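Some notes on the structure that comes next.
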Amino acid sequence: MNDATVNRLTLFNFWVAFGAFGLACFFGMYQVLERSGLFTFLQSPAAYFASVSTHGVLMAFVLTTFFIMGFGYHTAARSLRRPLWNPPLAWAGYGVCVVGVALAAIPLLLGKASVLYTFYPPIQANVFFYLGATLLVVGSWFWCVIMLVMFAQWKRDRPGETVPLPMFATAANALLWLWTSAGVALESVFQLLPWALGLTDTIDVGLARTLFAWTLHPIVYFWLIPAYIALYCYVPQAAGGKLFSDLLARTAFVLILVLGLPIGFHHLYMDPEQGAGWKFLHMVGTFAVAIPTLLTGFTVIASLEMAGRKRGGAGLFGWIGALPWKNPMVLAAILSLLMLVLGGFGGIVNASYAMNAMVHNTAWVPGHFHLIFAGTVITMYLAVAYKLWPELCGRRLYSVDLALVQLWGWFIGMVIMTTPWHILGLLGQPRRISAVQYNSVLTLSWEPYELAMIAGGSILLASACLFVYLLYKTQTAGEKVDAREDAAADSNHGAPAWLNGFALWNRLILVLMVLSYGYPILQFFLLKTHSPTAWGY
């Protein structure tokens, strides 16, 4: 295999990903301090919204896209045990993504693209932001093509054999990203870019929000699948056991792919452009997508129990204490699953048509997605980095003990920061505002929670800095070791055709997407609207 090329590609993508992560954490800390209203010298709405937008883009688009690409190249080469297909195309995609990030960064940092990571119109960003975001998406499509070609080539060369689970999941993620990124690509190319260039005077905001809803929630599963790959393929091995069920794992990935796409309208519950029937349809789909999450929790916990009992754990819960808690991958899995449970509860509230109205646009919402994304997803990204960095650099992890401290710090900081968000949301604190000090009885009651958020944010920032420091020290001062190939564990014992390919599922997705988005999008072109009459007529 072209190990050196794969390692370089993975490292180059990881450098951008975790560099963005470290920078975004500083922006996040500033936002917690400014929003609290306790530090008047920091108060600047312009700086706040520029910071929020940059933080969101760095975390949700830059960190995730580059991490997933790097992890995907490594997973494909190692699990399939074959050379990476078309490395020049992979480097080209990386270059397009880097150029896109650079173009978007300029207006973000200058305060010319303070539109948050959702960049909802009618707020308009500088054209270079939209162009940069578009290039980042287009560059990621190069990665999707490479993953799917390698998947198809392996199946062609080994007819009748079962694709290794890590690659099956990676191919599912590539397909999911191609499907879901189409929404934001259509919005950017046909609406936002012409509008920002001055080629059109106005924009159909309802259509733009509908197209972004196509992307907005499925992108969460694009972020989540790599974390699930680690949970299924790395964690059982690290715990000293094996995966409980390969078939359940494959079923979970298929369900995420099929059910995770046509559910975006639960982000539009309060929007008037879509009818209640369509929103209800998407709500049902949103509840259904909880099924693969439950399957994942059951399968991973069962795998951990098997490992714990193999290590001598006895009694109902004795296996928990017998697990190797000092292994970063095992610790990360346990902590991420705890946050997944808490965040999943909040997600059920958000998905409920009625209960969503109670928390819509309140601090509850960032509390929820920080638990899921910054909690569950990022924790597993950190663990994957700790596992792969020594292999990529040929050096031993600088300090396992510090890695454990860092993971515990990230978990504790996240719980401390997000719990007040959930409470404040129920108390009515709005999101997307730069300050909350209104000097009323209600807002004064928010202050203790703001202090708790500052404490949690400080712990998170310290943990993020420690993580970046550990990667740097591993690469520059870690003890040199012989490079070794350490592929993800694959408990493959054969799978039926419907869990070994995606032809059937792509057809089903097409049907579901047409049913879910066909008329809701076409209505913007079919329904007749009337211009308001002049005043006095």
Side-chain angles (χ1 to χ4, degrees), residues 16-17 19-35 39-66 95-140 181 183-209 211-213 215-216 219 267 361 365-366 369 373 430-436:
V16 177
F21 166 75
L23 182 61
C25 288
F26 279 95
F27 283 115
M29 187 66 219
Y30 162 74
Q31 290 149 215
V32 171
L33 293 173
E34 201 274 357
R35 185 182 170 93
F39 304 89
T40 56
F41 66 93
L42 291 175
Q43 291 175 13
S44 167
Y48 176 83
F49 286 110
S51 174
V52 171
S53 300
T54 306
H55 172 82
V57 170
L58 287 174
M59 283 290 200
F61 289 125
V62 181
L63 162 64
T64 54
T65 302
F66 281 92
V96 171
C97 289
V98 169
V99 171
V101 170
L103 286 177
I106 296 170
L108 277 170
L109 296 174
L110 293 177
K112 303 296 184 182
S114 298
V115 290
L116 309 185
Y117 105 93
T118 50
F119 47 91
Y120 283 140
I123 303 174
Q124 189 183 73
N126 182 276
V127 65
F128 285 105
F129 172 78
Y130 298 127
L131 181 59
T134 302
L135 288 177
L136 179 60
V137 172
V138 171
S140 69
S181 60
V184 71
L186 290 170
E187 180 195 11
S188 295
V189 172
F190 295 105
Q191 288 191 283
L192 300 179
L193 278 170
W195 180 49
L197 287 168
L199 301 177
T200 58
D201 294 328
T202 188
I203 189 172
D204 191 325
V205 172
L207 176 59
R209 288 176 67 88
L211 289 173
F212 196 80
T215 300
L216 182 56
I219 197 177
H267 290 278
N361 267 347
V365 178
F369 68 66
F373 173 65
R431 61 185 293 215
R432 294 187 174 128
I433 57 172
S434 60
V436 296

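Given the structure is predicted, the values throughout are model-derived calculations rather than measurements.
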Handout entry: Residue pair Ile106, Phe128: steps toward the side-chain contact (heavy atoms from CB on, under 4.5 Å) verdict
Key = CA-CA 8 Å; Ile106 296 170; Phe128 285 105; 6.0 Å; no
Problem - Under 3.5 Å: donor-acceptor pair, side chain of Ser51, backbone of Gln31 - result: no
Practice task
Could you tell me the separation between the CG atom of Leu33 and the OH atom of Tyr30, rounded to the nearest 0.5 Å?
Solution key: 9.0 Å
Problem - Enclosure of Leu197 CG (heavy-atom neighbours >12, cutoff 6.0 Å) - result: yes
Handout entry: Main-chain N/O of Ser44 paired to Glu34 side chain as donor or acceptor, under 3.5 Å
Key = yes
Exercise for the section: Kindly give the heavy-atom pair with the smallest separation between Asn126 and Pro107, and that separation in Å. Expected result: CB-CB, 3.7 Å
Problem - Mutual orientation of the aromatic rings belonging to Phe61 and Phe119 [parallel < 30°, tilted 30-60°, perpendicular > 60°] - result: tilted
Problem - From Arg431 atom CZ to Asn361 atom CG, the distance as rounded to the nearest 0.5 Å - result: 5.5 Å
Practice task
Taking all non-hydrogen atoms of both residues into account, name the closest pair between Gly28 and His55 and its distance.
Solution key: N-ND1, 3.6 Å
Exercise for the section: Say whether, by atom type as modelled, one donor and one acceptor occur between the side chain of Glu187 and the main chain of Arg209 under 3.5 angstrom. Expected result: no
Problem - Value rounded to 0.5 Å, distance of CG in Leu108 from OG in Ser114 - result: 7.5 Å
Fill in the blank from the handout: Nearest heavy-atom contact between Leu131 and Leu193 is N-CD2, 3.8 Å
Problem - N/O donor-acceptor pair under 3.5 Å between Arg35 side chain and Ile433 backbone - result: yes
Problem - Shortest non-hydrogen contact from Ser188 toward Pro194 - result: O-CD, 4.0 Å
Handout entry: Donor-acceptor pair, side chain of Ser140 and main chain of Thr65, under 3.5 angstrom
Key = no
Exercise for the section: Could you tell me whether the side chain of Ser434 and the main chain of Pro45 form a donor-acceptor pair under 3.5 Å? Expected result: no
Problem - Side chain to side chain, Thr64 and Phe373, heavy atoms closer than 4.5 Å - result: yes
Problem - Side-chain heavy-atom pair Ile203, Leu192 within 4.5 angstrom cut-off - result: yes
Practice task
Answer yes or no: are there more than 12 heavy-atom neighbours, outside Tyr48 itself, under 6.0 Å from its atom OH?
Solution key: yes
Problem - Test item: Leu136 and Phe66 side chains (from C-beta on) under 4.5 Å apart, heavy atoms - result: yes
Problem - Minimum side-chain heavy-atom gap Gln124-Val115 below 4.5 Å - result: no
Practice task
Evaluate whether atom OH of Tyr120 has more than 12 neighbouring non-hydrogen atoms of other residues, nucleotides or ligands under 6.0 angstrom away.
Solution key: yes
Problem - Residue among Leu58, Leu216, Val52 satisfying side chain to side chain contact (heavy atoms under 4.5 Å, CB included) with Tyr117 - result: Leu216
Problem - Trp195 and Tyr130 aromatic ring geometry - parallel, tilted or perpendicular at 30°/60° bounds - result: tilted
Exercise for the section: Would you indicate whether the side-chain heavy atoms of Leu103 and Phe129 approach each other to under 4.5 Å? Expected result: no
Practice task
Work out which heavy atom in Thr134 is nearest to a heavy atom in Val189; give both atom names and the distance.
Solution key: CG2-CG2, 4.3 Å
Problem - Nearest heavy-atom neighbours spanning Val62 and Ala20 - result: CG1-CB, 3.6 Å
Problem - Approximate separation, where rounding is to 0.5 Å, of Asp204 CG and Phe190 CZ - result: 15.0 Å
Exercise for the section: Determine, stepwise, if the pair His267 / Thr118 fulfils side-chain contact (heavy atoms from CB on, under 4.5 Å). Expected result: CA-CA 11 Å; His267 290 278; Thr118 50; over 6 Å; no
